[in-house]
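Proteins come first, then strands; the chains are lettered A, B, ... in the order of their sequence lines, and each starts at number 1. These numbers come from the heavy atoms of this one structure, side chains and all, not from hydrogens, waters or symmetry mates.
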There are 2 protein chains.
Amino acid sequence: MKLQNITDSENGPSRRRYEDACGTAHALDLIGERWALLVMRELMMGPKRFGDLRADLPGISANVLTQRLEGLEAAGIVVKRQLPPPAAVQVYELTEWGYQSKPIMGALGRWATRSPLHDPTLHLSAVSLMLSFQAMNQPARHKDLTATIGFRLGRESYVLRLEEGAIDATRGDPDGADLVFTGAARAVAAAVYGGVPLATLEAEGALAIAGDHILAERFITFFPLPPKAPQPV
Amino acid sequence: MKLQNITDSENGPSRRRYEDACGTAHALDLIGERWALLVMRELMMGPKRFGDLRADLPGISANVLTQRLEGLEAAGIVVKRQLPPPAAVQVYELTEWGYQSKPIMGALGRWATRSPLHDPTLHLSAVSLMLSFQAMNQPARHKDLTATIGFRLGRESYVLRLEEGAIDATRGDPDGADLVFTGAARAVAAAVYGGVPLATLEAEGALAIAGDHILAERFITFFPLPPKAPQPV
DNA sequence: CGGCATCCGGGAAGATACTG
DNA sequence: CAGTATCTTCCCGGATGCCG
C-alpha cells in the first residue's frame, strides 16, 4: 500500500496547460495529449472494456491508456460504468458531450486525407472504418437507395443502414442484411478507398462477400476521397 | 559550426507516429504535437512573422516554434514566404489546405467551451477573438443588420463586417467603421462572453468605445455560449 | 485476465543564453 | 529580429509485478 500517491495531479502552478482563454486551446488542454483523441474514437460506436481498447489501439501501453481514461473522465468526456449483471464488467463510455465531438473528428479525418503523406494501407480499426463511412458520406451518390449492409470484422460486427442518402451505423449482428462483408477492416478499406477490386480481395481470402454482389460493387463507389493537397516543394 | 546536426529527423523506423490508416489518426501525426494547432490558429487571419507568432503565443519557446513551423511546412500546411520589397521580411502563411482547417478549429473551440473547466478570463490573442466571432456566430441574431465594426487590439487591427447574418473578418484599419473598440482582446471577450457591462470596462480604462454605442450594446449579445456539460461526479 | 502501480530509458518540451 | 545551442524537466513507451 502506497502512502503518498495522491495521483500528485495537485494543482501545481500550471501542470502544462496552455493558459489561454481560446476555446480551441482549451480543447487541447482536454484532449490534446497523445492517444486521447484515438481513445475517444474507439468509444464512438459504443462503450468498450479496457482490454478491447488496448487491442484496438495497437501501440498504446497499459499505463498510458489508464492515464488517458483518467484524464478524460476527470474532464467529463468519458464515464466508467459497471454493466448490469450478468455481464457485470466495467466499461468506458462517452458522455453525451463526448459523443458531440463525433462530427468534429469526422471533419478532421476528412481534412487529413488530403495530406500527400497519408497512407491508407496501414492498420485500421473496425470503429475507424464505420466512422469513415459517415465522415466520407456523399448523400447524392445513393439517395435513391435503401439497403442494409453488415460487417463482420473480427470481434466486432456492425450494421450499416443506408436510406435517403443518410448512413446510420450501429453495432449488432449482420444476420439478415442484404450484403455482408467478412474480413479485416483494412481489406474493406482497400476496396472502398484503395480501388482494389473485390474479386482480388476475395481471391486472396482477405474478404468474404455474402449476399448481393451487385450492391457490393455499387457500395464501394460511394466514398470518393478528397483531392490531395500539393506536395510541399 | 556544428558538423553532425542533420536535424537527425532521419527516417527511423517510426518517428513516433500512430501507424494507423484512420484519417483522424493521420491528422494527429500532422498537427497533434504540442502548440501546432495554436500556431495554425495564429496564422488563420493572414501571414505573420516569427516574432509576432512568438509574442501572440505566450509560453511557447523559440526552439519549439521553430520545430513546429518546420513540421507544418514539411506537411504542406504552412509555407515560408518572403514579402515583396520594400518590406522584404520573411513571413509564415497557411496554404490553401491549411486554411481549410478553419471550420474544424471553430467547431473544436465551440465544443470545448462546453467544458466546466473552461476559463474565459485567461489571456486571449487578437486572432482568437476574431475567430471566436465567426465560430460562435448565430446568423438569426442579426440577419437584419448591416454594420462595420473595428477593433484596435495592440499591434493588430481588424474590421468585422456583419451582413445578412454572415460575419466576415479581415485585418485592416478600422477607420470609418460604425463602431470601434480599442483595448485588449480579453477586455472585449469580458463584455461579449463574460457579461461584464461595457460601462464597467470603459470606467476601468480597459476598453474604449468610439462610434455607435447602441450598436455596441447590441453587438455583445450576438454570441451566446453553449450550455455547460455536466461536471464529472 | 483486467486494471493499476512502479521503475527505467529515450525523447520531446520548457527555459535561458547565445549568435549572425 | 530570427532563429540556434544547451541544459533541465517531464512525458511517453515498454517491461514487470501486484492484486482483485
Round to the nearest Å and state the distance from [X] atom [atom1] to [N] atom [atom2].
{"X": "A:D56", "N": "C:dG2", "atom1": "CG", "atom2": "C1'", "value": "15 Å"}
{"X": "A:Q90", "N": "C:dC4", "atom1": "CD", "atom2": "C1'", "value": "11 Å"}
{"X": "A:L65", "N": "D:dC11", "atom1": "CG", "atom2": "P", "value": "18 Å"}
{"X": "A:L53", "N": "C:dC4", "atom1": "CG", "atom2": "P", "value": "12 Å"}
{"X": "B:R17", "N": "C:dG11", "atom1": "CZ", "atom2": "P", "value": "15 Å"}
{"X": "B:E73", "N": "D:dG3", "atom1": "CD", "atom2": "C1'", "value": "14 Å"}

For each nucleotide in nucleotides 13-20 of chain C, reading 5' to 3', give B when a protein heavy atom comes within less than 4.0 Å of its base, S when such contact involves only the sugar-phosphate, and - otherwise.
SBB-----
Starting from the C-alpha separation in whole Å, work towards a yes-or-no answer on side-chain contact (heavy atoms from CB on, under 4.5 Å) for A:I60 and A:R54.
CA-CA 7 Å; A:I60 199 173; A:R54 215 186 150 180; 4.3 Å; yes
Which residues pass the side chain to side chain contact (heavy atoms under 4.5 Å, CB included) test with B:A191, not counting sequence neighbours?
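By the side chain to side chain contact (heavy atoms under 4.5 Å, CB included) rule, B:A191 matches B:L198, B:L201, B:I220.
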Take N1-N3 plus N6-O4 or O6-N4 for Watson-Crick, N1-O2 plus O6-N3 for G-U, both under 3.5 Å. Which runs of 3 or more such pairs involve DNA chain D?
C:3-20 with D:1-18
Listed partners of B:T113 passing side-chain hydrogen bond (donor to acceptor under 3.5 Å, both in side chains), at least two apart:
none
side-chain contact (heavy atoms from CB on, under 4.5 Å) assessment of B:E156 paired with B:M130
CA-CA 11 Å; B:E156 301 173 57; B:M130 294 300 121; over 6 Å; no
Take A:R110 and A:M136, measure what side-chain contact (heavy atoms from CB on, under 4.5 Å) needs, and give me the verdict at the end.
CA-CA 7 Å; A:R110 219 177 321 118; A:M136 298 300 197; 3.4 Å; yes
Determine which pairs satisfy ring-ring contact (aromatic ring centres under 6.0 Å, His included) with at least one residue from residues 112-135 of chain B, sequence neighbours left out, and list them in order.
A:H26-B:H118, B:F133-B:F151, B:F133-B:F219, B:F133-B:F223
I need the full list of ring-ring contact (aromatic ring centres under 6.0 Å, His included) pairs touching residues 77-98 of chain B, with sequence neighbours left out, sorted by first then second residue.
A:W111-B:W97
Looking at B:V39, is its backbone amide N or carbonyl O close enough to the side chain of B:R68 to form a donor-acceptor pair, meaning the two atoms are under 3.5 Å apart?
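Absent.
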On the nucleotide C:dC4, are OP1 or OP2 found under 4.0 Å from the side-chain N or O atoms that A:K80 carries?
yes
